[in-house]
Structure formats: structure tokens, C-alpha cells
Amino acid sequence: MALERTFSMIKPDATRRNITGKVLAKLEDAGLRVVAQKRIHMSLAQAEGFYAVHKERPFFGELTEMMSSGPTIVQVLEGDNAIARNREVMGATNPAEADEGTIRKEFALSIGENTVHGSDGPDTAKQEIAYFFSETEIVG
Ligand code: CMP
């Protein structure tokens, strides 16, 4: 299996409810290791830049406002097949469709306030990691 890195966020709906430790435990229990991490409060412009791929979507305003509404944990996770493993433990984007045992099934409030984000492929992972971290900040 390939050792990979992926980008992960624990979103403002989770920091607001003080459940970041519970979310992190799920990620660690899935075999993922935090190799870089910081708590930030994204500006609207930063959120718009991060989610630029969605800028034509009807939910773009709601999404970027939510992501700049409070603190977010941004992190790099490492592990075997980390990208797929992270997506598996996160569960479906819409918590109503998420499998039992996944983070979104357990914690997400709605499709907008869905607690976590994870990169969807190797190219995205690289881009998203670079959006928030320099190489020297990745220490695992
Ligand atoms: P995320 O994995 O961070 O990637 C894009 C985000 O857009 C997604 O999680 C959801 O939080 C959000 N999103 C997707 N569809 C909708 C929607 N219909 N309404 C509001 N937010 C959405």
C-alpha cells in the first residue's frame, strides 16, 4: 500500500461545538496520523480561494460564509492510502447519506455544516496542502 498525504479540515460547526477531539479520534482510529496542524480563522477571501472550484455553484456563498464564520482546524494526514481512507471515515458529503460509524453520520448537522473536509484525489491533496502549509511545517 502506498503511504500518502491528504489535506483535512475540521470545520467551524465542529470547533463551535467543541468536538474537534472526538473528530480527530475517529481519524486517528482509522489509521491516519497528523503530520501538520493549525487552528485558523479563515477570511472570506481565503475561503473563496480555497473553494474556487465551486464558485459557480448556488451554495458557494453559504459555503464560504460558513467556512469563515469561526475557527477551522487545517491539517495534513498521512497513512496508507490516506486519501481514500480519510474519505471513507468522513462518510458521504450529505450526512443523510453517510454510513454508520462515519464522522458525518455521527457529527454532521447538514450538507453545509458537515464537520469535515478531505481532498478527493492526489492532485487536489497536493494543491490543498500547499494552500495552507509550507514544506517546513509538515513535520511527521
Ligand atoms: P466539502 O467536502 O468541504 O466540499 C465542498 C462543500 O460544499 C461540501 O463539503 C459541503 O459542505 C458543501 N456543499 C455541497 N453541496 C452543498 C449544498 N447543496 N448546500 C450547501 N453546501 C453544500
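What you see is a predicted model; the values in this text were computed from it and never measured. Remember, it's 1-based here, ligands and their atoms both numbered in the order they're listed.
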Identify, for [atom], the protein heavy atom at the shortest distance, and state residue, atom and that distance.
| atom | answer |
| --- | --- |
| atom 4 (O) of ligand 1 | Tyr51 CE2, 3.7 Å |
| atom 11 (O) of ligand 1 | Ile111 O, 2.8 Å |
| atom 19 (N) of ligand 1 | Phe59 CB, 3.5 Å |

Please classify the [X] to ligand 1 contact at 4.0 Å (heavy-atom distances, strictly less than): side chain, backbone, both or neither.
| X | answer |
| --- | --- |
| Leu63 | side chain |
| Glu113 | neither |
| Met90 | neither |
| Arg57 | neither |
| Met9 | neither |

Salt bridge [X]-[Y], side-chain N to carboxylate O under 4.0 Å:
| X | Y | value |
| --- | --- | --- |
| Arg104 | Glu97 | no |
| Glu78 | Arg33 | no |
| Glu106 | Lys26 | yes |

Pairs meeting criterion ring-ring contact (aromatic ring centres under 6.0 Å, His included) with involvement of residues 62-83, two or more places apart: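 Checked against ring-ring contact (aromatic ring centres under 6.0 Å, His included) - neighbours excluded - no pair reaches residues 62-83.
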Which atoms of ligand 1 sit under 4.0 Å from any heavy atom of His54?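 Selected atoms, number and element: 5 (C).
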If you measure every N or O of Thr93 against every N or O of ligand 1, does any of those distances drop under 3.5 Å?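 Between Thr93 and ligand 1, no N or O pair is found under 3.5 Å apart.
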Centroid separation Phe7 to Phe50 less than 6.0 Å: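 When the ring centroids of Phe7 and Phe50 are compared, they turn out to be within the sub-6.0 Å range.
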Return yes when Lys11 approaches ligand 1 closer than 4.0 angstrom through a heavy atom, no otherwise.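 So Lys11 counts as touching ligand 1.
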Arg104 to ligand 1, any heavy atom closer than 4.0 Å: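 Flag set, Arg104 near ligand 1.
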How long is the gap from CG on Asp13 to CG on Asn114, to the nearest 0.5 Å?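 Rounded to the nearest 0.5 Å, the CG-CG separation comes to 7.0 Å.
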Euclidean distance, Leu32 CG relative to Glu88 CD, rounded to 0.5 Å: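 Answer for the CD-CG pair, Glu88 versus Leu32, is 10.0 Å.
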Taking the side chain as every heavy atom from C-beta outward, state whether Lys126 and Thr124 have any pair of such atoms under 4.5 Å apart.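 Not in contact.
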